[in-house]
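Right, one structure below, let's go through it.
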Amino acid sequence: MFGAPLRAHTGEPGRKSMSRYNVRENEDRWRAVWAERRTFAVTEDPAKPKYYVLEMFPYPSGRLHVGHVRNYTMGDVLARYKRARGFNVLHPMGWDAFGLPAENAAIASKVHPAAWTYDNIAVMREQLRRMGIAYDWDREIATCHPEYYRHEQKMFLDFLEAGLAYRRESWVNWDPVENTVLANEQVIDGKGWRSGAPVERRRLSQWFFRITEFADDLLDAIKRLDRWPERVRLMQENWIGRSEGARFRFRLAGRPDDIEVYSTRPDTLFGASFVAVSPNHPLAEELARDNPALAAFVQECSRLGTSEAVIEAAEKLGFDTGLKAVHPFDPDWQVPVYVANFVLMEYGTGAIFGCPSGDQRDLDFARKYDLPVIPVVLPPEGDAATFAIGEEAYTGDGTLYNSRFLDGLPVETAKRRAIEELERLGAGAGEVQFRLRDWGVSRQRYWGCPIPVIHCTDCGIVPVPESDLPVRLPDDVTFDRPGNPLDHHPTWKHVACPSCGKPARRETDTFDTFVESSWYFLRFCSARDSGAFDRKAVDYWMPVDQYIGGVEHAVLHLLYSRFFMRALSRCGYVDMGEPFAGLFTQGMVCHETYRDPEGGWLFPEEVRRSDGGAVVTVEGGRPVTVGRSEKMSKSRKNVVGLEAIVEGYGADTARLFLLSDSPPERDLEWTDGGAEGVWRFINRVWRLVTEPETALPPVGAPRPDPLDPAADAALRLVHKTIQAVTEDLEGFRFNKAVARIRELVNGLADLPASAAGAGWVLRQGCEAAAQLLAPMTPHLAEALWQELGRDTLLVDTAWPEADAALLVDDVVTLAVQVNGKLRATLDIARDSARDVVEAAALTLPAVIRATEGKPARKVVVVPNRIVNVVV
RNA sequence: CAGGGUGUAGCUCAAGGGUAGAGCACUCGAUUUAGGAUCGAGUGGUUGAGGGUUCGAAUCCCUCCUCCCUUGCCA
């Protein structure tokens with residue numbers, strides 16, 4: 001069955017040979033067996049409970065290092081464990097294959113993005129395969145494949161029809177040298193990352209997904225994501241950022257129009273000292289036309305870029321328009337109107353009123369431009385006569401004062417009262433706002449999914465007919481000049497309008513790559529379906545039971561996926577809201593960093609420890625500065641290659657180490673010593689099974705009776721370990737599970753060969769060890785299983801069950817304290833009566849010595865745990 | 001300044017009121033021509049600091065400190 005004859009192993013006590021686990025041979029062999037038997041290929045099976053394990057799929061950037069594979073290992077442990085527990089487990093893998101690095105590689109080394117991407121995929125697939133991860137490779141997908149993105153194009157057309165996709169102008173970071181749009185991360189100090197040219201803000205027509213349509217539901221449903229980490233839920237809540245306030249108008253003195261503002265603090269209206277509009281506000285643009293100084297100011301603001309972080313950090317600057325706004329509650333009260341750089345057109349109405357006493361930014365602004373600061377909220381313990389605002393605004397709770405009809409009201413009541421008044425005056429109304437904005441999906445890039453629309457001068461925007469999908473990317477593109485290659489292409493964008501037949505132009509924007517990752521988990525359910533996915537398969541497998549990935553995707557990817565499920569539901573594709581029932585965010589893998597005397601980074605293999613203990617370079621022995629341990633990254637060169645570990649110690653060693661040292665949610669420190677330690681442990685287990693101290697009875701031999709107490713204790717250890725490891729795996733405590741198994745192996749190794757029943761207990765222990773290790777070190781475990789004389793595959797064997805009767809000991813060891821200090825221990829039958837325990841404790845020589853003959857004032861007995869004698 | 005996390009052996013982590021443990025590292029011994037591997041034994045702790053509750057605190061409460069992360073600073 002397995003290519004090599006199975007050999008029943010009986011053990012040969014006294015055998016002196018010291019075999020070493022042949023890692024290469026075993027790992028290759030068992031992987032081949034699983035592959036040949038298609039062990040991990042699954043189909044829908046209504047008779048079995050399903051379990052969908054998914055790790056966030058990678059961008060095929062080149063090759064993997066050990067830092068990349070921690071989450072795949074965790075997912076694999078879960079997949080293999082659940083499989084052993086009888087679940088029908090879907091565990092797929094694919095490639096998030098569109099994206100900018102492929103285009104950068106094309107520019108840098110003249111290789112086509114597709115070739116570069118597929119080459120990387122081939123390398124990385126082989127790397128994952130050699131890690132022995134139990135994927136159903138039949139379901140592998142690459143998002144850059146037309147058979148993937150054609151369905152995305154169809155979804156877009158349906159979204160368009162449903163009003164969930166639309167086009168409007170928005171601001172982008174424009175690199176005037178590269179003639180291209182930059183992502184916020186590509187803007188460094190206001191300059192393009194590649195060209196170094198100052199970035200401009202430009203208005204460009206862009207495609208958007210109407211994620212705000214579901215803002216309330218996306219926020220509400222977070223409460224029910226009870227298997228998500230609390231902090232991710234919090235981050236999403238903050239990102240959606242619901243706020244309750246009022247939208248209302250300030251009339252402009254001497255003009256027919258007015259300014260609409262949004263505020264969450266209408267209660268502080270009597271503290272208003274200015275109105276400010278965004279530099280992109282229509283009013284600012286109108287005034288700038290006749291006012292060169294204002295135009296220059298607006299221009300200056302646009303240089304800042306669109307990143308929120310940059311805007312936040314910048315100094316608050318304003319430009320007095322000379323206009324006056326009339327206070328909504330008092331026609332005789334006017335405040336100046338400014339154009340201010342910290343007011344964003346994209347949020348609220350693009351205009352605010354400033355209450356310096358109640359908002360730090362407004363206060364900074366007021367101090368800079370010498371505007372009045374009127375306190376209107378008195379803190380609970382404050383004194384109206386003396387309370388004053390210094391350099392810090394008061395944003396806390398309190399009672400309104402200096403506020404006419406709002407005086408004496410608590411903040412919350414005053415808000416409602418102010419809104420009522422605004423509504424009564426016809427000046428405005430209460431409104432709920434969200435920080436969440438619609439998702440801009442247009443990218444002026446080649447290596448992405450083409451947006452399937454055609455621009456016709458007569459018909460406007462015309463969807464590409466479904467029968468013409470997919471709109472394929474052209475292969476013959478060049479990257480020798482700046483800008484979007486699709487736009488430069490001589491023929492690709494010229495098409496006949498599907499509606500009127502006249503010459504028209506294809507959309508040359510492509511999708512943000514977050515679009516592909518927003519539904520790939522659905523495609524995995526039926527990866528070769530001619531449609532986007534098979535509804536029955538999706539209904540069977542979804543939602544993902546356990547999703548595993550980095551916390552860096554806590555907001556965008558996860559929120560976009562949640563949006564996609566809702567949008568697809570509305571368009572009739574599916575009928576469910578949440579894609580990921582459980583989420584786990586794993587910690588990073590870290591490693592020391594090394595620098596040479598010039599400050600250049602060094603790879604770990606370029607340094608060594610000299611005889612004196614100093615760290616020096618391998619070449620030339622120059623002194624090396626050892627930096628702190630940081631997340632493994634190519635830029636700092638603190639990476640450990642996967643090949644190096646797998647060739648030397650094998651995939652199981654890498655896997656076990658990635659699981660063992662730290663709790664999975666925390667960062668893991670990769671050390672050579674730790675990897676060697678794991679390798680020694682693997683060999684220790686191998687020897688325990690292949691060269692046992694005591695001959696093992698054959699498979700299924702009856703339990704000998706009686707068992708020696710040492711054998712009995714070892715058997716209890718076996719069952720306690722099964723119980724504990726099971727609980728640890730269920731609770732994602734992989735490091736504890738590993739520690740338990742190590743203790744089991746130590747315990748079994750200590751079992752004296754002479755003890756009655758030792759061989760039988762040792763077999764129980766070795767079989768349990770193999771089974772418990774199987775999710776973590778699957779190749780080793782399969783080899784052990786065979787060495788133990790089994791003729792079935794361990795991977796097809798059910799998870800072991802602990803015998804409840806063996807989980808408690810008959811004899812317990814009590815700690816005996818005198819005045820809280822440990823003086824002795826006492827072995828006694830479990831659940832002995834209190835007075836029996838007390839009497840036994842008081843007669844212990846160590847206790848008599850410690851009490852110096854004084855009578856016990858009190859004896860505390862905690863059953864089966866401790867006795868404390870108080871004198 | 002805020003919010004969250006963290007602090008236990010040299011290192012990475014257990015123990016969540018009841019005997020402070022594991023792995024790695026280190027020391028010594030055995031084995032070996034030697035090294036490595038292996039086996040055995042051992043060193044190593046005022047549980048970040050201080051105070052409180054308790055018969056008993058790493059664990060519960062209060063104060064302070066360290067480092068890390070998320071950023072809040074979106075009206």
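It should be emphasised that the depicted structure is a prediction, and the values quoted were computed from it without experimental measurement. Each chain gets a letter, A, B and so on, in the order its sequence line appears, and its residues count up from 1.
For A/Ile828 and B/U19, the CD1 to P distance is 17 Å, given to the nearest whole Å. Counting to the nearest Å, the P atom of B/A57 and the CD1 atom of A/Ile866 are 10 Å from each other. Counting to the nearest Å, the P atom of B/U70 and the CG atom of A/Leu556 are 14 Å from each other. The distance from atom CZ of A/Arg666 to atom P of B/C11 is 15 Å, rounded to the nearest whole Å. Summarising the geometry, the separation between CG on A/Leu658 and P on B/U12 is reported as 17 Å, rounded to the nearest angstrom. One interatomic measurement links the two molecules: CZ of A/Arg242 to P of B/A75, which rounds to 13 Å at whole-angstrom precision. Look at CG on A/Asp667: it is 12 Å from C1' on B/U6, rounded to the nearest Å. Whole-Å rounding puts the A/Gln433 CD to B/A75 P distance at 9 Å.
Mapping A/Ile352 and A/Asn238 onto RNA chain B by nearest heavy atom places A/Asn238 at the nucleotide closer to the 5' end. Projected onto RNA chain B by closest heavy-atom contact, A/Ala351 and A/Thr825 fall at different nucleotides, the more 5' of which corresponds to A/Thr825.
A distance-only check finds no donor-acceptor pair linking the side chain of A/Thr777 to the backbone of A/Asp652 [under 3.5 Å]. Using modelled atom types, one side-chain atom of A/Arg733 and one backbone atom of A/Glu727 make a donor-acceptor pair closer than 3.5 Å. Remark: the backbone N or O of A/Gly241 is not paired with any side-chain donor or acceptor of A/Asn238 at under 3.5 angstrom.
Taking A/Arg834 as the reference, A/Val861, A/Pro863 meet the side chain to side chain contact (heavy atoms under 4.5 Å, CB included) condition, with sequence neighbours excluded. A/Ala325 meets the side chain to side chain contact (heavy atoms under 4.5 Å, CB included) test with A/Phe250, A/Leu252, A/Val275, A/Val335, A/Val337; sequence neighbours excluded.
The listed nucleotides are B/U19, B/A14, B/A75; the one nearest the side chain of A/Arg865 is B/U19. Comparing B/U19, B/G72, B/U70 by their nearest atom to the side chain of A/Met235 picks out B/U70. The side chain of A/Pro663 sits closest to B/C13 out of B/A15, B/C13, B/U19.
Considering CZ of A/Arg687 and OH of A/Tyr21, their distance stands at 13.5 Å, rounded to 0.5 Å. Separating the CG atom in A/Asn638 from the SG atom in A/Cys590 is a distance of 8.0 Å, to the nearest 0.5 Å. A/Thr721 contributes atom OG1, which lies 8.5 Å from atom CD1 of A/Ile741 (distance to the nearest 0.5 angstrom).
Separation of the C1' atoms belonging to B/G40 and B/U31 is 11 Å when rounded to the nearest angstrom. For the P atoms, the distance from B/C67 to B/C73 is 26 Å, rounded to whole Å. Between B/G72 and B/U19, the distance separating the two P atoms is 45 Å to the nearest Å. Comparing the C1' positions of B/U8 and B/A22 gives an interatomic distance of 13 Å, to the nearest angstrom. Taking atom C1' on both B/A14 and B/U54, the two are 25 Å apart, rounded to the nearest angstrom. One C1' atom belongs to B/A49, the other to B/U66, and the distance between them is 11 Å to the nearest Å. A distance of about 27 Å separates the P atoms of B/C1 and B/C13, rounded to the whole Å. The P atoms of B/G36 and B/G48 are separated by 37 Å, rounded to the nearest whole Å.
Ring centroid separation for the pair A/Tyr262 and A/Phe248 does not come in under the 6.0 Å cut-off. Note: A/Tyr369 and A/Tyr338 meet the aromatic proximity criterion, with ring centroids under 6.0 Å apart. Side-chain rings of A/His327 and A/Phe270 approach one another, their centers coming within less than 6.0 Å.
Consecutive Watson-Crick or G-U pairs involving RNA chain B, each under 3.5 Å on both distances, make up stems of three or more pairs at B:3-5 with B:67-69, B:10-13 with B:21-24, B:26-30 with B:38-42, B:48-52 with B:60-64.
Look at A/Ser662 and you'll find a side-chain N or O under 4.0 angstrom from OP1 or OP2 of B/C13. At B/A75, one or more side-chain N or O atoms of A/Ser243 fall inside 4.0 Å of OP1 or OP2 (strictly under the cut-off).
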What does the list of N/O pairs under 3.5 Å between the protein and nucleotides 39-46 of chain B look like, with a distance for each?
| unit_1 | atom_1 | unit_2 | atom_2 | d |
| --- | --- | --- | --- | --- |
| B/C39 | OP1 | A/Arg684 | NH1 | 2.9 |

Please list, pair by pair, any protein nitrogen or oxygen found under 3.5 Å from a nitrogen or oxygen in nucleotides 53-56 of chain B.
| unit_1 | atom_1 | unit_2 | atom_2 | d |
| --- | --- | --- | --- | --- |
| B/C55 | O2' | A/Asn868 | ND2 | 3.3 |
| B/C55 | O2 | A/Asn868 | ND2 | 2.4 |

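Between the side chains of A/Asp438 and A/Thr212, at least one donor-acceptor pair of N or O atoms lies under 3.5 Å. Using modelled atom types, one finds a donor on one side chain and an acceptor on the other under 3.5 Å when comparing A/Asn864 with A/Asp831. A/Asn735 and A/Arg666 are not linked by any side-chain donor-acceptor pair at a separation below 3.5 angstrom, with hydrogens and angles left out of the test.
No side-chain heavy atom of A/Thr585 sits less than 4.5 Å from a side-chain heavy atom of A/Glu665.
Shortest non-hydrogen contact noted between A/Lys223 and A/Arg233 is O-NH1, 3.5 Å.
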Checklist line | Protein-to-nucleotide contact annotation, 5' to 3' order, nucleotides 21-26 of chain B [B base; S sugar-phosphate only; - none; under 4.0 Å, heavy atom] | finding: -SSSS-

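Among the atoms of the strands shown, none is found under 4.0 Å from any heavy atom of A/Arg857.
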